[in-house]
Amino acid sequence: MSVPLLKIGVVLSTMAMITNWMSQTLPSLVGLNTTKLTAANAGTSDRSIGVLPTNPEESWQVYSSAQDSEGRCICTVVAPQQTMCSRDARTKQLRQLLEKVQNMSQSIEVLDRRTQRDLQYVERMENQMKGLESKFKQVEETHRQHQARQFKAIKAKMEELRPLIPVLEEYKADAKLVLQFKEEVQNLTSVLNELQEEIGAYDYEELQSRVSNLEERLRACMQKLACGKLTGISEPVTVKTSGSRFGSWMTDPLAPEGDNRVWYMDGYHNNRFVREYKSMEDFMNSDNFTSHRLPHPWSGTGQVVYNGSIYFNKFQSHIIIRFDLKSETILKTRSLDSAGFTNVYHYAWGGQSDIDLMVDENGLWVVYATNQNAGNIVISKLDPNTLQILKTWSTGYPKRSAGEAFMICGTLYVTNGYSGGTKVHYAYQTNTSNYEYIDIPFHNVYSHISMLDYNPKDRALYAWNNGHQVLYNVTLFHVIRSDEL
């Protein structure tokens, strides 16, 4: 930017010098520098001055000059005769001077054009600099906002991790307990090795008692490890896209080794056909299935398959049916007399989801709502063979406000909705009859969940999400205390 500005200064300075030179030189070239001033009428208010040329016929003639009351000069000038100009040497000089002036004028025009061009360049550069300055300000502001968002995200993550600190402290004690088990096993192994060499040197009954005691404690430890508190849900894995907007699908958590059948029930009412797929691979890649016809249509999407039987809510009733899938016969029915049905106390999405059956590590459960509990969720533990209610817990959470619910290790987890942004935000522990509000993110990938159930064998959540069959892995924290073993 400094070079164009320097050019402008040089041009302006040159023009000022030429103007000053012309003002001093032109009068002498036309004969005005040899004039003679005489005063006349000295006694009057205005003065008249006569200017006499050296040669009146060959030069400009100023006959009179007067000054008015305001100080302005008034004069009479007569140009020389044209016939004399052609022979005048001064005229020739004047022409040469005029040519020079014209040349200089052309040069000034060239400089002016260049100056205008440089000025336009300067203006463009100025606009570009302003644009760059604006962009730099935007980048700086965006960087600050990005840093603020990152700081906020890190802070939120730290708030999520803070409650895990006491749990990790518990894990230190659990690690010591496992080491203790390991030492005891090593000691017993050493004793058995010695017994192989020296039969009869040790009390077999005492040894057997120690082995049995250790076995029971290890079994109890494994059972404790199977349960825990829900702390996280993974990103969804879409297994298949099929069926209507509503439905349910599941596997049997008590199926024997090698039995990987998948059960599929499309719709939430007035349907009685259950599809059986031989494996998860068949379910994902083919439509080869066996169809089972139920004796009654079902209501809602709260069905479960447990130990070879399917448990479902009979259409437009509060009756629960246990149906054996192998013999295709009804094994047991039970009426939940106080439970609402047919969209009286449904989940938030509707769909006659009043009665929801579910399983976890502790067995078979049913979730519903009653007038006696003001439409709030009721949890009942069921005997899987007789469907008899073993124990009931009444919560204060409105069932119509729940998106979906599932049981893990005797704790009922409830989502805050079924569409859009969803999270698990309520938990009721049946072992203590206490509840808490939690905040576990849950990616509702297809924006409409009509079924959500936990499988304790797979440690996974099965979901029917807007015509997609989806799986979620869960993260559980296990706390083992030595006084519980």
Side-chain angles (χ1 to χ4, degrees), residues 232-294 297-306 308-312 323 325 347 349-353 356-360 403-408 415 417-422 424 441-475:
I233 299 175
S234 73
E235 288 295 306
V237 176
T238 301
V239 177
K240 191 172 184 176
T241 300
S242 64
S244 64
R245 195 177 191 186
F246 315 97
S248 61
W249 71 296
M250 65 218 76
T251 59
D252 188 347
L254 294 184
E257 192 71 26
D259 184 354
N260 301 314
R261 288 177 294 175
V262 177
W263 307 91
Y264 178 95
M265 303 172 73
D266 191 11
Y268 67 84
H269 74 294
N270 204 25
N271 189 1
R272 62 175 68 189
F273 290 96
V274 181
R275 294 182 184 181
E276 173 193 335
Y277 293 85
K278 290 183 179 180
S279 65
M280 187 68 73
E281 185 177 359
D282 281 352
F283 176 67
M284 293 172 60
N285 301 320
S286 72
D287 282 330
N288 298 325
F289 59 85
T290 301
S291 185
H292 299 267
R293 187 178 186 275
L294 300 178
W298 66 77
S299 277
T301 59
Q303 306 85 13
V304 294
V305 174
Y306 188 67
S309 296
I310 184 168
Y311 299 79
F312 66 97
F323 180 79
L325 290 165
Y347 286 130
W349 63 272
Q352 301 187 17
S353 54
D356 190 5
L357 291 150
M358 50 189 72
V359 295
D360 70 350
E404 268 290 343
F406 54 91
M407 296 289 296
I408 297 180
T415 67
Y418 65 93
S419 62
T422 308
V424 179
F442 179 77
H443 188 188
N444 188 352
V445 61
Y446 300 112
S447 302
H448 194 288
I449 294 177
S450 60
M451 169 259 180
L452 188 63
D453 275 333
Y454 172 69
N455 187 306
K457 181 180 181 181
D458 300 335
R459 293 274 184 91
L461 292 174
Y462 284 63
W464 190 291
N465 196 333
N466 207 4
H468 301 79
Q469 291 73 53
V470 181
L471 284 175
Y472 298 85
N473 289 321
V474 297
T475 301

- Close side-chain approach of L325 and R261, heavy atoms under 4.5 Å: no
- Can you name the residues that form a side-chain hydrogen bond (donor to acceptor under 3.5 Å, both in side chains) with W263, not counting sequence neighbours? none
- Query: Between M250 and M265, is any pair of side-chain heavy atoms under 4.5 Å apart?
  - Reply: yes
- Message: How long is the straight-line distance from CZ of F442 back to CD of E235, given to the nearest 0.5 Å?
- Response: 10.5 Å
- Message: Going by side-chain contact (heavy atoms from CB on, under 4.5 Å), name the residues that satisfy it together with N473, two or more places apart in sequence or in a different chain.
- Response: S234, A460
- Item | Contact summary for S450 and R245, nearest pair of heavy atoms | OG-O, 3.6 Å
- Item | Exercise: identify the closest heavy-atom pair between V470 and W249 | O-CZ2, 3.6 Å
- Do Y418 and E404 touch side chain to side chain, with heavy atoms closer than 4.5 Å? no
- Task: Show your reasoning for whether side-chain contact (heavy atoms from CB on, under 4.5 Å) applies to F323 and V274.
- Result: CA-CA 12 Å; F323 180 79; V274 181; over 6 Å; no
- Note on the structure: Heavy-atom closest pair (Q352 atom, S299 atom, distance to 0.1 Å) is OE1-OG, 3.1 Å
- Note on the structure: Tightest non-hydrogen contact, residues T301 and G267, listed as CG2-O, 4.3 Å
- Note on the structure: dist L452:CG -> I233:CD1 (nearest 0.5 Å) comes out at 7.0 Å
- Note on the structure: Tightest non-hydrogen contact, residues H443 and Y472, listed as O-OH, 2.8 Å
- When rounded to the nearest 0.5 Å, the distance separating CG of D360 from CD1 of I408 is 8.5 Å
- By side-chain hydrogen bond (donor to acceptor under 3.5 Å, both in side chains), which residues pair with S353, not counting sequence neighbours? none
- Task: For residues D266 and N271, report the shortest heavy-atom separation together with the two atoms involved.
- Result: O-ND2, 2.9 Å
- Query: Looking at side-chain heavy atoms only, is the closest gap between L254 and Y306 below 4.5 Å?
  - Reply: yes
- Side chains of T251 and Y462: donor-acceptor distance under 3.5 Å anywhere? yes
- Task: List the steps and the verdict of side-chain contact (heavy atoms from CB on, under 4.5 Å) for Y311 and V359.
- Result: CA-CA 10 Å; Y311 299 79; V359 295; over 6 Å; no
- Task: With side-chain contact (heavy atoms from CB on, under 4.5 Å) as the test, would you mind laying out the steps for D252 and D259 before giving the verdict?
- Result: CA-CA 9 Å; D252 188 347; D259 184 354; 5.8 Å; no
- Query: Tell me the salt bridge (Lys or Arg N to Asp or Glu O under 4.0 Å) pairs involving residues 277-292, sequence neighbours left out?
  - Reply: K240-D287
- Query: CZ/F312 to CG/L357 distance, rounded to the nearest 0.5 angstrom?
  - Reply: 10.0 Å
- Message: Can you confirm whether the side chains of N260 and S279 place a donor and an acceptor under 3.5 Å from each other?
- Response: no
- D453 and S248 side chains, donor-acceptor separation under 3.5 Å: no
- So, does T422 use its side chain to make a donor-acceptor pair with the main chain of N444 at under 3.5 Å? no
- Item | Euclidean distance, T290 OG1 relative to E276 CD, rounded to 0.5 Å | 5.0 Å
- Task: To the nearest 0.5 Å, tell me how far Q303 CD sits from D356 CG.
- Result: 9.0 Å
- Plane angle bin for F289 and Y277 - parallel if under 30°, tilted between 30 and 60°, otherwise perpendicular: tilted
- With Y264 via side-chain hydrogen bond (donor to acceptor under 3.5 Å, both in side chains) - residues at least two apart: S242
- Task: Under the side-chain contact (heavy atoms from CB on, under 4.5 Å) rule, what do V262 and V239 come out as? Steps first, then yes or no, please.
- Result: CA-CA 12 Å; V262 177; V239 177; over 6 Å; no
- Query: Is the F246 to W464 ring centre distance short of 6.0 Å?
  - Reply: no
- Would you please name every residue forming a side-chain hydrogen bond (donor to acceptor under 3.5 Å, both in side chains) with T238, sequence neighbours left out? Y446
